[in-house]
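For reference, the structure discussed in these notes is given below.
Only a predicted model underlies this, so the values are computations on that prediction, with no experimental measurement involved. The analysis underlying the following values was restricted to heavy atoms, covering all of them including side chains, and did not include hydrogens, waters or symmetry mates.
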Amino acid sequence: GRHMSLSALEPQFWAAFCRAADREDLLREQFAPATPGEPAYEAICALFRSRTRDAWMDAMAGQDACCEPVYSVAEALESPAVQALGVMAGGLLHPPLHLSALPGRYGSAPTLGQHTAAVLDELGYPADAIERLHATGVV
């Protein structure tokens, strides 16, 4: 129920993955079709099933192989990478960039329909028409 991602598209990353996984026999299979039934694909699937995610994380620690765990949202928020970015504040996840000239405002997303009346008003709808749209369930 826990997964890893492998994005070793460049030869050096694929080679690092194969070495770290102790499967140098797969070095020539980097661009083999990722299709069920294809021998290289089946070998890689079996390889990933042979270890837990934690074991894979241990095997890939310190390797530049583009092979990383797939985190749940809670795990991602607690991960060292997210913590190092400093993007958590006030229980909210903020963008990983900081604009000094235009500081961001953070808060919850609007609820469905929260601003509909204001938008319709800006578009020139009269108040009675907006009320009818709400009353009839159109908006």
Next item on the list: Could you tell me whether Arg23 atom CZ has more than 12 heavy atoms of other residues or ligands within 6.0 Å of it?
Entry: yes

Note to self: Closer than 3.5 angstrom, by distance alone: can the side chain of Trp56 be matched with the main-chain N or O of Phe48 as a donor-acceptor pair?
What the structure shows: yes

Note to self: Between Arg51 (side chain only) and Ala21 (backbone N and O only), is there a donor and an acceptor less than 3.5 Å apart?
What the structure shows: yes

Checklist line | Minimum-distance pair of heavy atoms, taken over all atoms of Phe31 and Leu9 | finding: CZ-O, 3.5 Å

Checklist line | Co-membership, hydrophobic cluster, residues Tyr71 and Leu85, 4.5 Å side-chain | finding: no

Check: For the side chain of Glu42 and the backbone of Pro36, is there at least one donor-acceptor N/O pair under 3.5 Å apart?
Finding: no

Next item on the list: Tell me, with the steps shown, if Trp14 and Leu6 meet side chain to side chain contact (heavy atoms under 4.5 Å, CB included).
Entry: CA-CA 9 Å; Trp14 179 254; Leu6 177 62; 3.7 Å; yes

Check: Which heavy atom of Ala8 sits nearest a heavy atom of Ala65, and at what distance?
Finding: CB-O, 3.6 Å

Notebook entry, point to check: If Ile, Leu, Val, Met, Phe, Trp and Tyr residues are connected whenever their side-chain heavy atoms lie under 4.5 Å apart, and connections chain through other members, are Met4 and Phe13 in the same group?
Noted result: no

Check: Roughly how far apart are Gln83 CD and Leu77 CG, rounded to 0.5 Å?
Finding: 8.0 Å

Notebook entry, point to check: Taking Gln114 for the side chain and Thr111 for the main chain, is one N or O donor matched with an acceptor at less than 3.5 Å?
Noted result: yes

Next item on the list: Taking all non-hydrogen atoms of both residues into account, name the closest pair between Gln63 and Ala16 and its distance.
Entry: OE1-O, 4.1 Å

Check: Looking only at atom types and distance, does a side-chain atom of Thr35 sit under 3.5 Å from a main-chain N or O of Glu38, one as donor and one as acceptor?
Finding: no

Check: Would you say Val138 and Leu120 are hydrophobically clustered, going by side-chain heavy atoms of ILVMFWY under 4.5 Å?
Finding: yes

Notebook entry, point to check: So, for Ala59 and Ala20, which heavy atoms are closest and what is the spacing to 0.1 Å?
Noted result: O-CB, 3.8 Å

Notebook entry, point to check: Counting only heavy atoms not in Leu112, do more than 12 fall under 6.0 Å of its CG?
Noted result: no

Note to self: Quick check for you: to the nearest 0.5 Å, what is the distance between Cys66 atom SG and Met60 atom CE?
What the structure shows: 11.0 Å

Next item on the list: Could you name each residue pair satisfying salt bridge (charged side-chain N to carboxylate O under 4.0 Å, His left out) that touches residues 58-81, not counting sequence neighbours?
Entry: Arg2-Glu75, Arg53-Glu75

Notebook entry, point to check: Do Val119 and Tyr125 share a hydrophobic cluster (ILVMFWY, side-chain heavy atoms under 4.5 Å, transitive)?
Noted result: yes

Check: When hydrophobic residues are tied together by side-chain contacts of less than 4.5 Å, even through go-betweens, does Leu133 share a cluster with Leu123?
Finding: yes

Notebook entry, point to check: Do Leu47 and Phe17 touch side chain to side chain, with heavy atoms closer than 4.5 Å?
Noted result: yes

Next item on the list: Mind checking the SG-CG spacing from Cys18 to Leu27? Nearest 0.5 Å is all I need.
Entry: 4.5 Å

Margin query: Taking CG in Asp22 as the centre, count heavy atoms belonging to other residues, nucleotides or ligands within less than 6.0 Å. Is the count above 12?
Written below: no

